[in-house]
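Here the structure comes first, spelled out in structure tokens, and everything after it is commentary.
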Amino acid sequence: EEGPRSAPRPGPARPRYLLYDVNPPEGFNLRRDVYVRIASLLKTLLKSENWVLVLPPWGRLYHWQSPDILQVRIPWSEFFDLPSLNRNIPVIEYEQFLAESGGPFIEQIYVLQGYAEGWKEGTWEEKIDERPCIDQLMYSKDKHEYYRGWFWGYEETRGLNVSCLSVQGSASIVAPILLKNTSAQSVMLDRAENLLHDHYGGKDYWNTRRSMVFAKHLRVVGDEFRKKYLQSTDEADRTHYKEDWTQMKVKMGTALGGPYLGVHLRRKDFIWGHREDVPSLQGAVKKIRSLLDVHKLEKVFVATDAVEEEIELLKKLLPEMVRFEPSWEELELYKDGGLAVIDQWICAHARYFIGTSVSTFSFRIHEEREILGFDPKTTYNRFCGEKEKNCEQPTHWKIVY
Ligand SMILES: C[C@@H]1O[C@H](OP(=O)(O)OP(=O)(O)OC[C@H]2O[C@@H](n3cnc4c(=O)[nH]c(N)nc43)[C@H](O)[C@@H]2O)[C@@H](O)[C@H](O)[C@@H]1O
């Protein structure tokens, strides 16, 4: 058999486990980006040893504020298709790690941090060193000398060793430390967002990104909504999807998209900071109306995290807007993460898309549309703030196969 699935795994039969976590305030779609960085580290490790990536359970995210539902210890399979991830790199869920490794212990934890002294201007160099911890540790020793920590809400998990690594560089810079400086069977990198991409926008980047296929049950919900409320089907829209991402390679400009405008309107913390690059609701609606006109579209699908008051105002300003409004049962079933996926999936299938400045939620929609084969002109668009002088549009990151 050919392809990444059959890639040989050198080394002993028993794998070593790589775990990671991200700074608590970071959101869902920033975390998806950190996964891509860690996946390229794992690819580097696999060149010399047998490693498996343990997927960090989702939960306790700042933005997941829906009341009355418990959103911790959520496995990746609730949002993503595990077989698809496994066609890129070997991954397992945390529960499987617990079962396989026989215990709640993570042998070595490295907390990644910057350099206390910063760096001198104009002298950027990649480096990594074991250093004293700068910030107060989020781990503490219990009476048995084991380390306790957040561990994704798994209260029985313990760390055996915790130390800090000052790092300035791309993900694979950690590889020599994992291969030579430690013999721990399981190693966790905390604050993994401190690592940069090995090669942003390159072939490995896109392979990993393409492997992050949304879970089928969420895609089905999005597809049914498109059909029912937006007259959008894959046949009519020329968005042909293959379940196996390794078999999918669409020529740019092939996809037409459904007869609607897709909008991602990020609010909450994006407006609380009074940022110049985010529009008022009136400004956004004005832009939406002009786009509907230019592209001769009648329907507009809006994905937003706006608070109830703002939604009410939006409804007044734009009565024809279509949104995915979950019932209580749907919310409980899909959770805030699943609703984000459904919104993104519907925006990804629109004839034309416009998003919010520097929101990773919008960036992930750009990528999804790039995978589906949309003309970049219909994708890399964002709202401008009313007072913004130089409203630069998002960069086109061309897919590489
Ligand atoms: C200020 C920064 O903002 C960054 O947010 P940004 O890139 O927009 O995007 P995310 O990292 O996804 O975080 C925003 C979260 O808010 C919710 N959300 C935002 N827009 C929508 C929407 O249209 N529909 C639905 N269903 N949910 C939405 C959702 O839970 C999403 O994961 C954070 O990642 C950083 O950690 C930091 O907080």
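Indexing begins at 1, ligand by ligand and atom by atom, following the structure's order.
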Q. To the nearest 0.5 Å, what is the distance between CG (N23) and CD (E193)?
A. 4.5 Å
Q: Answer whether the closest heavy-atom distance between the side chains of I74 and W64 falls below 4.5 Å.
A: yes
(Q) For K286, is the NZ atom crowded, meaning more than 12 foreign heavy atoms sit under 6.0 Å from it? (A) no
Q: Check whether NZ of the Lys or CZ of the Arg R275 lies under 6.0 Å from the centre of the six-membered ring of F270 and within 45 degrees of that ring's axis.
A: yes
(Q) Suppose we call two aromatic rings close when their centres sit under 6.0 Å apart. Are Y380 and F363 close by that rule? (A) no
Q. Can you list, by chain and residue number, every protein residue with a non-hydrogen atom closer than 4.0 Å to ligand 1?
A. P25, E26, G27, F28, N29, L30, H63, W64, H264, R266, D269, F270, A303, T304, D305, L339, A340, D343, S359, T360, F361
Q | Residue pairs, two or more places apart or on separate chains, that pass ring-ring contact (aromatic ring centres under 6.0 Å, His included) and touch residues 92-117 | A | Y17-F97, Y94-F97, Y94-W152, Y94-Y154, F105-Y146
